[in-house]
Amino acid sequence: MDSKLEVYIEGLNDAQRAPTLHKDGALIVIAGAGSGKTRVLTMRIAYLMSQGVDAFNILSLTFTNKAAREMKKRIAGIVGNNEAKNLWMGTFHSIFAKILRIEADKLGYPSNFTIYDTQDSQRLISAIIKEMQLDKDIYKYKQVQNRISSFKNSLITVRAYANNPELVEADAMAKRPRMGEIYAEYVDRCFKAGAMDFDDLLLRTNELLNRFPEVLNKYQNRFKYILVDEYQDTNHSQYLIVKALSDKFQNICVVGDDSQSIYAFRGANINNILNFQKDYENVAMYRLEQNYRSSKNIVEAANSVIEKNKTRLDKTVWTANEDGGQIIVHRSPTDGEEGRYVASSIFENRMNHQLNNGDFAILYRTNAQSRAMEDALRKRDIPYRIYGGLSFYQRKEIKDVLGYLRVLVNPKDEEALKRVVNYPARGIGGTTLDKLTVAAKHYGRSIFEVMDKIEQLGPSMNINRGTQTKLKNFVTMIKSFQILNEESDAFTVAETVARKTGLLQELKKDGTPEGIARIENIEELLNGMRDFVEEQKELADATGSLAEFLEDVALATTLDNDTGDDDRVALMTIHLAKGLEFPFVYIVGMEEDLFPSGMSMSTRSELEEERRLFYVALTRAEKQAYLTYTESRYRWGKLVDAEPSRFIEEIDDKYLDYQTPMESYRYKPLIDADIFGDVDKSKLRLKKPVSGTPPKVGTPTQDQLRKLRKIRPAAGDSATPSLAGSLEPGTVVEHIRFGKGIVAGIEGKGQDQKAEINFENGGLKKLLLRFAKLKIVE
DNA sequence: ATCGAGTGACTTTTT
DNA sequence: GTCACTCGAT
């Protein structure tokens, strides 16, 4: 083994080293927050390569392209750049887009197919709904798009849908009987446009691997070792791809944390990780439980939160780090005040602890919350960067330039064509476009082809001479770009496009500060393309082509764009923050209806996902976490009352520092303060604790570890002996975390029986007896 | 065909 | 408060 690698591997702890050195077979690594899973993945790949595995035979799937790049860089540092550069590493979407381009012809796609982003998909669906003359209030394009997306993620094709009475019925019940037709038309239109949407990149990969055994065989042989990060967030489609590719060698390593599964809303299936052991033979399971990131207070507070979830693999994250400060809870009258508080707190902390702006992050549940924070930071002259929301590539002026580039690469790309055909205005309006669309459908050709043949087809389409000329000019312009693209690099083409189409002039004419900013944005895009071209020249399997650039753009995340070279406070949604860490973290908008989101409170599993999201948020913090909430906040342009989030209450008080008294906002106890009634209060003042202080979560005893290693019974499983019946008000019980307490009331029966217990450590809690680890003391 | 003002729905989270 | 879409005036 390389001595450099040896030193690195020496540096791992035992739990990390075991999966790193586990060469062949299937393994799953359950990695708690901050437990160094990226290190394990990186070292494992380096180790495989040191054992003679060719980089070409390793496939590593990550959650963001940025993560892939960073890992690749670290591996290059160990095994050398020449070796590392042959690794296949990236997101599911980008890796399989690459494969699909190679194999496109088998599926009847051009290899330069376009990737439709969500907006493209939604526009197309809107157009289809309109063409079918359906009521747009019933067929809401966003809902329809969502539904189609979930079909695709579950591998329900148009035909499978039609053959599934349950689904058809469900849509009929929802007053959308023609969903299937829309779905069929949408798929057909994408196909004819030579376009794939995000879900297609996975769905078509499945199709490819299923329909063409020789292709499957080829990639099975190629990817002898497969590694998947963030496995808890894979959807069914991704699961099947991994399963198919790893089937032959079964050298599959998945890493994840069920407690951090936060993408169920887009089809992620937590069962993928929960059932991994059933999917492969002789699965080795490893756990990383030591957290190196956060203070003990934060780790334990986060544990106390996630413990409330029923569906999870048991593990105990602990840390040897210092206690650290308590989590600070702060209430503000309005969202504006909240912003001001956060800004001045950042300012003070930065001074007092001599920190950089980059040491701070503000996390929120919804993008809309960023505004108040931005305003406050700007007033304080604190530099910040917003991640997510409208990304650079989604800005109008950028999409316009990209639209032209897309059309010239793939003239069948209908959405791009519709976008640019009349911008800047050149007299080709909606009416003409409608006629062209009808004709295109009639002849089974793309709109661009019809435009190209307008002289022959024009008369029968009722398009006048003037318009015909305009169309002809447009086609000629695009064709000239295509020729240029044959002989020049992507940057040159884009620059020419920006000038020749009149896009830049249009903005110059505008003259407003906004217009100037847009010109600057286009310049930034061009600079980016120049860099791209330079970069690609150095890479082995890249061509620096325009098509490649467009693919990168389509699949880029806002995080991917971060150069990270300037010192700014980070603002982002909690979803985006997954995998990141910051010394100081402010979680803002800790309010009912916002976090947990009002749309995710109706079912237990939704609420549990919100709780996992909160867990993710908390565990981003290294040194200090803040939770802020408001009494009222602007939503939908209106001031509405707010109530503190239940998640604050779920954290044990001993981890919290209420800067603002919570009293008046605390949930009213369901039972009066004198719940003890005629019970002897002295019972609560515990006579000497039986076995010292209750064991802490942070440092599990061997006995606890043994117990925790078992997967918890699923809901409905009654394997645990129930205490039902043996409890009554007044019974004194002991809980592993909350210590001693006294039963205040019992409600429900059977499976759902709950007890309300007043604990010395935790206050009033309602526990499901089926799951509560209670011991009757007396 | 084009542009502006006005209207209405809407926000969960993203590759 | 914001985006996307509609309608009426040019």
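All values below were derived from every heavy atom in this structure, side-chain atoms included, with hydrogens, water molecules and symmetry-related copies excluded. Chain letters run A, B, ... following the sequence lines, proteins first, then strands; residues in each count from 1.
If you check every strand for non-hydrogen atoms under 4.0 Å, A/D117 touches nothing. Across all strands, A/Y634 comes closer than 4.0 Å to no nucleic acid atom at all (heavy-atom distances).
Residue A/N367 places at least one side-chain N or O under 4.0 Å from the OP1 or OP2 atom of B/dT14. Between A/T432 and B/dA1 there is a side-chain N or O to OP1 or OP2 distance below 4.0 Å. Between A/K142 and B/dT11, a side-chain N or O to OP1/OP2 separation shorter than 4.0 Å is present. One finds no side-chain N or O of A/T573 lying less than 4.0 angstrom from the OP1 or OP2 phosphate oxygen of B/dT12. OP1 or OP2 of B/dT15 has not a single side-chain nitrogen or oxygen of A/N65 nearer than 4.0 Å.
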A correct 5'-to-3' footprint of nucleotides 1-6 of chain C, with B, S and - meaning base, sugar-phosphate only and no protein heavy atom under 4.0 Å, is BS-S--
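Counting to the nearest Å, the P atom of B/dT13 and the OH atom of A/Y263 are 11 Å from each other. Spacing between atom CZ of A/R426 and atom C1' of B/dA1 amounts to 14 Å, rounded to whole angstrom units. The NZ-C1' distance, from A/K140 to B/dT11, rounds to 13 Å in whole Å. When the C1' atom of B/dC10 is taken as reference, atom CG of A/N146 falls 14 Å away, rounded to whole Å. Atom CG of A/D233 is separated from atom P of B/dT13 by 16 Å (rounded to the nearest Å). Rounded to an integer number of Å, the gap from CG of A/L594 to C1' of B/dT13 is 12 Å. Atom C1' of nucleotide B/dT11 and atom CZ of A/R633 are separated by 13 Å, given to the nearest angstrom. The nearest whole Å value for the distance from the CD atom in A/Q143 to the P atom in B/dA9 is 13 Å.
By the 6.0 Å contact criterion, NZ on A/K136 is open, its count of non-hydrogen atoms from other residues, nucleotides or ligands being 12 or less.
For the pair A/E70 (side chain) and A/A67 (backbone), a donor-acceptor distance under 3.5 Å is absent. Side chain of A/E414 to backbone of A/I447: no donor-acceptor contact under 3.5 angstrom is found. Although no hydrogens or angles enter the test, the distance criterion places a donor-acceptor pair under 3.5 Å between the side chain of A/E610 and the main chain of A/S597.
Between A/R371 and A/D335, none of the side-chain N atoms (NZ, or NE/NH1/NH2) sits under 4.0 Å from a carboxylate O, so this pair counts as no salt bridge. Note on A/E650 versus A/R611: salt bridge recorded, some NZ/NE/NH1/NH2 to OD/OE distance being below 4.0 Å.
With sequence neighbours excluded, the residues that form a salt bridge (charged side-chain N to carboxylate O under 4.0 Å, His left out) with A/D257 are A/K315.
Between A/F595 and A/F647, the ring planes lie perpendicular to each other; the angle is over 60°, past the 30° to 60° tilted range.
Considering only the side chain of A/R266, B/dT14 comes nearest among B/dC3, B/dT13, B/dT14. Comparing B/dT15, B/dT2, B/dT13 against the side chain of A/A425 picks out B/dT2 as the nearest. Comparing atom distances between the A/H93 side chain and each of B/dT2, B/dA1, B/dT15 picks out B/dT15 as nearest. Comparing B/dT11, B/dT12, B/dT14 by their nearest atom to the side chain of A/A368 picks out B/dT11.
Taking the P atom of each, C/dA4 and B/dT13 are spaced 14 Å apart, rounded to whole Å.
Under the stacking criterion of a centre-to-centre distance below 5.5 angstrom and an interplanar angle below 30°, A/F92 is not stacked against the six-membered ring of B/dT15.
Counting atom types as modelled, A/S600 pairs no side-chain N or O with a base atom of B/dT13 as donor and acceptor under 3.5 Å.
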